[in-house]
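Per chain, numbering begins at 1; letters A, B, ... match sequence-line order. Quantities reported herein were computed from a predicted structural model and do not represent experimental measurements.
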Protein chains: 2
Amino acid sequence: MDKAGAGAKARRGGNGGRAQRAAQRDPERTRASILAAATVEFAENGIGGARVDAIAERAGTNKRMLYHYFGDKEQLYLAVLEEAYIGIRTAEKTLNLSDLAPEQGVAELAMFTWKYFLDHPEFLSLLGTENLHRARWLRQSTRLKELHSGFIDKLADLLDRGKAKGLFRIDVDPLNVYLTIAALGYFYLSNQHTLTTIFGRDLMDEANLEAWKRHIVQVTLASIRR
Amino acid sequence: MDKAGAGAKARRGGNGGRAQRAAQRDPERTRASILAAATVEFAENGIGGARVDAIAERAGTNKRMLYHYFGDKEQLYLAVLEEAYIGIRTAEKTLNLSDLAPEQGVAELAMFTWKYFLDHPEFLSLLGTENLHRARWLRQSTRLKELHSGFIDKLADLLDRGKAKGLFRIDVDPLNVYLTIAALGYFYLSNQHTLTTIFGRDLMDEANLEAWKRHIVQVTLASIRR
DNA sequence: CACGCCAGTAACTAAACGGTTACTTTGTCG
DNA sequence: CGACAAAGTAACCGTTTAGTTACTGGCGTG
C-alpha cells in the first residue's frame, strides 16, 4: 500500500556515487525487517509459540522470503539469537572501566548492565527461551562461541586494582561479581509479572526501578569490600 | 504391560477400613499421573512447545482422560502451575525463623530458597514460562491469589529483631531482601546453560554449587548489615 | 537490449495438532 | 442380578502449521 513512503534508503557509497531512490526491491531491508519481526515474535512467544506466518506478516512480506533468506524457522531463530548477543557485546565495548576508580568502575558496570537489560527486554526473553532449551542453539553457533564477553577480563583488572589498594577482599572472583550483577538485574525484570502479581508492588514503577538500580550497586559493592 | 506391578495404592481411611487392592481403574492415580506428566512436558517445552499427545503418552493414558479431568490444554497448564506454587508454599511452612538469631535466620532463609530451587528445576522453568506470558494464568487463578507467600511477614519480623539489636540497617526492606535471595538463586540455575556455554565453567559442578550457596548467604548478609 | 538471475507473491500441501465422538469396560448400589 | 455411572480406549475431525511450488516482475550485465 504505502510502498513509496518510508525509507528513502540509498545505496550510496562503494558503488561510485550512484545515488538513486531505494527500489521496492531491497534485499537488505527485507532481510532486516524479517529479522526484526522474528525477534519480536520469538521474544513474545518463545520458539514453540512463535508463528512463521506471524513473522512474515509483521515484517510486511511473506513466508517465501523468510525461507529464502533464513532457511527455516530454527535457523531464523538462531539468527535472531546471534544478533541479540552481538547487540550486547557491541554495547559492552562502549564501556571503559580502566580509567575509573575501582569502586566507581564496579558501580558503572552494574548500572550499565541494568540499563542494558531494562532497555532490551527482548534480549532477556531470548535468554530465557534459550535456557529452556538448554542452550541448544547457542552451543551450536560457531559465531557466538567466538564472541565471548570481554567483561570478565576487564572486570578482573578492575578488581585487581581494588584489591591492590586494599579496597576489595582478595578472594573476590570476577565471574561471581558479574553473575551477582546480572542475577539481580535479570531476575527483577524477567520475573516482574509473577512478582508484581504475588507481592502486589509494581516493580516497573519509575521510583522502584531507580531504587533497584541503587540496590544492585549497593549490594555488589557491599559483597566485595573488605 | 506392567499393570499389576507398581503401586498397590490402597484407599484406606475415611471409607470404613475397606482396604482393597487398587483397581486398574483409579481416577485419583490417573489424574495425578497426568498432572505429573504435564509438569514435565510444560517445564521442558513451555506452553507453546508442550504437546497434549506427549503428555497423555507420558502419563500412560490417552487424551480423552486428559480432557476429562482438566478441560483443555490451558486449564491443565493452570493446574500444573497451581500445584507448583502450592508445593513451594507448603515447603515454606516447614521453615521456622522466629526461634533463630537474626543473622542465622536470614542465612537459613537463603539456604532454604537455594535448596528449593535446586531441587525443583521444574518450578523455575514454569516461572519462566509464566513470565514469558506476563503472568497470564497466575493472574487469572483465584486459588493462587489467596496463596501469597508467608515469607515476607516472617522475614520482616526477623529483620526487625536484627534492627533492634543494631545488627541491620534500619532502612532495609524485607521484599528487597527476599528478591535479592531469590534473584541470586534463580538466575544461577535457570541460566546455567547459556552461562556455562559462554563462560566455560560448569556451574552445576558440586563444588561450584556449594560455593554459590555460600555466596548467596554472604552477599545477602553483607547487603543488610550496618 | 535481451537475457538470466534474484526479489517477491500467492496459492498450495502434507503433517501435526488440539479437541471430540462413539464406543467398551469396570465397579457400585438398589 | 442388572442397570446406571464413571473410567477408559481408539479412531476420527477440522484447523493450524511449517514448509513448497509455480509463477511474476524488476535490475544489472554482457
Side-chain angles (χ1 to χ4, degrees), chain A residues 1-4 6-7 9-12 14-35 37-38 41-42 45-80, chain B residues 1 3-4 7 9-11 14-16 18-35 37-38 41-42 45-80:
Chain A
M1 298 288 176
D2 61 342
K3 276 194 180 134
K9 175 189 178 298
R11 221 187 264 141
R12 297 167 210 276
N15 224 356
R18 197 125 44 104
Q20 63 205 42
R21 262 176 77 265
Q24 303 93 309
R25 250 176 118 150
D26 187 338
E28 277 175 58
R29 186 172 57 185
T30 300
R31 210 193 113 99
S33 94
I34 290 170
L35 202 57
E41 179 73 9
F42 283 120
N45 303 302
I47 196 154
R51 295 290 162 253
V52 168
D53 295 84
I55 293 169
E57 196 186 332
R58 236 194 264 251
T61 179
N62 60 69
K63 279 196 289 184
R64 184 64 182 78
M65 289 297 94
L66 190 155
Y67 285 96
H68 182 241
Y69 287 114
F70 295 97
D72 63 14
K73 188 184 177 182
E74 297 204 4
Q75 285 175 266
L76 175 56
Y77 169 77
L78 180 58
V80 165
Chain B
M1 300 288 178
K3 274 195 181 133
K9 175 191 178 296
R11 220 187 263 139
N15 225 356
R18 195 126 47 103
Q20 63 206 41
R21 260 179 76 265
Q24 305 93 308
R25 249 175 120 150
D26 187 337
E28 276 175 57
R29 187 173 56 183
T30 301
R31 210 193 112 99
S33 94
I34 291 170
L35 203 56
E41 179 74 8
F42 284 121
N45 304 300
I47 195 153
R51 296 289 162 254
V52 168
D53 295 83
I55 293 169
E57 196 187 333
R58 236 195 264 252
T61 178
N62 59 68
K63 279 195 289 184
R64 183 66 182 73
M65 289 297 94
L66 190 156
Y67 285 96
H68 181 241
Y69 288 113
F70 295 97
D72 63 13
K73 187 183 179 182
E74 296 204 4
Q75 284 175 266
L76 175 57
Y77 169 76
L78 180 58
V80 165

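The salt bridge (charged side-chain N to carboxylate O under 4.0 Å, His left out) test with B:Asp53 singles out one residue from B:Lys63, B:Arg58, B:Arg64, and that residue is B:Lys63.
Note on A:Thr30: a side-chain N or O is less than 4.0 Å away from OP1 or OP2 of C:dG8. Between B:Thr61 and D:dT9, a side-chain N or O to OP1/OP2 separation shorter than 4.0 Å is present.
At whole-Å resolution of the value, CD in A:Glu28 and C1' in C:dG8 are 17 Å apart. Here D:dG19 presents its C1' atom at 14 Å from CE of A:Met65, a figure rounded to the nearest Å.
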Query raised in the report: Run the side-chain contact (heavy atoms from CB on, under 4.5 Å) check on A:Leu35 and A:Tyr69 step by step: do they pass?
Result: CA-CA 10 Å; A:Leu35 202 57; A:Tyr69 287 114; over 6 Å; no
Query - Intermediate values then yes/no, side-chain contact (heavy atoms from CB on, under 4.5 Å), A:Glu28 and A:Arg31 - result: CA-CA 5 Å; A:Glu28 277 175 58; A:Arg31 210 193 113 99; 5.8 Å; no
**Report entry** From CA spacing to verdict: side-chain contact (heavy atoms from CB on, under 4.5 Å), A:Phe42, A:Lys73
**Finding:** CA-CA 10 Å; A:Phe42 283 120; A:Lys73 188 184 177 182; 4.1 Å; yes
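Listed by residue number, B:Ala50, B:Arg51, B:Val52, B:Asp53 are the residues of residues 50-60 of chain B with a heavy-atom contact under 4.0 Å to DNA chain C. Taken residue by residue, residues 66-74 of chain A places heavy atoms nearer than 4.0 Å to DNA chain D at A:Tyr67, A:Asp72, A:Lys73.
Checked by atom type and distance alone, the side chain of B:Glu41 pairs as donor or acceptor with a backbone atom of B:Arg51 at under 3.5 Å.
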Restricting both atoms to N or O, compile the protein contacts to nucleotides 10-14 of chain C shorter than 3.5 Å, with distance only.
none

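A 6.0 Å sphere centred on CD of A:Gln75 holds more than 12 heavy atoms belonging to other residues, nucleotides or ligands.
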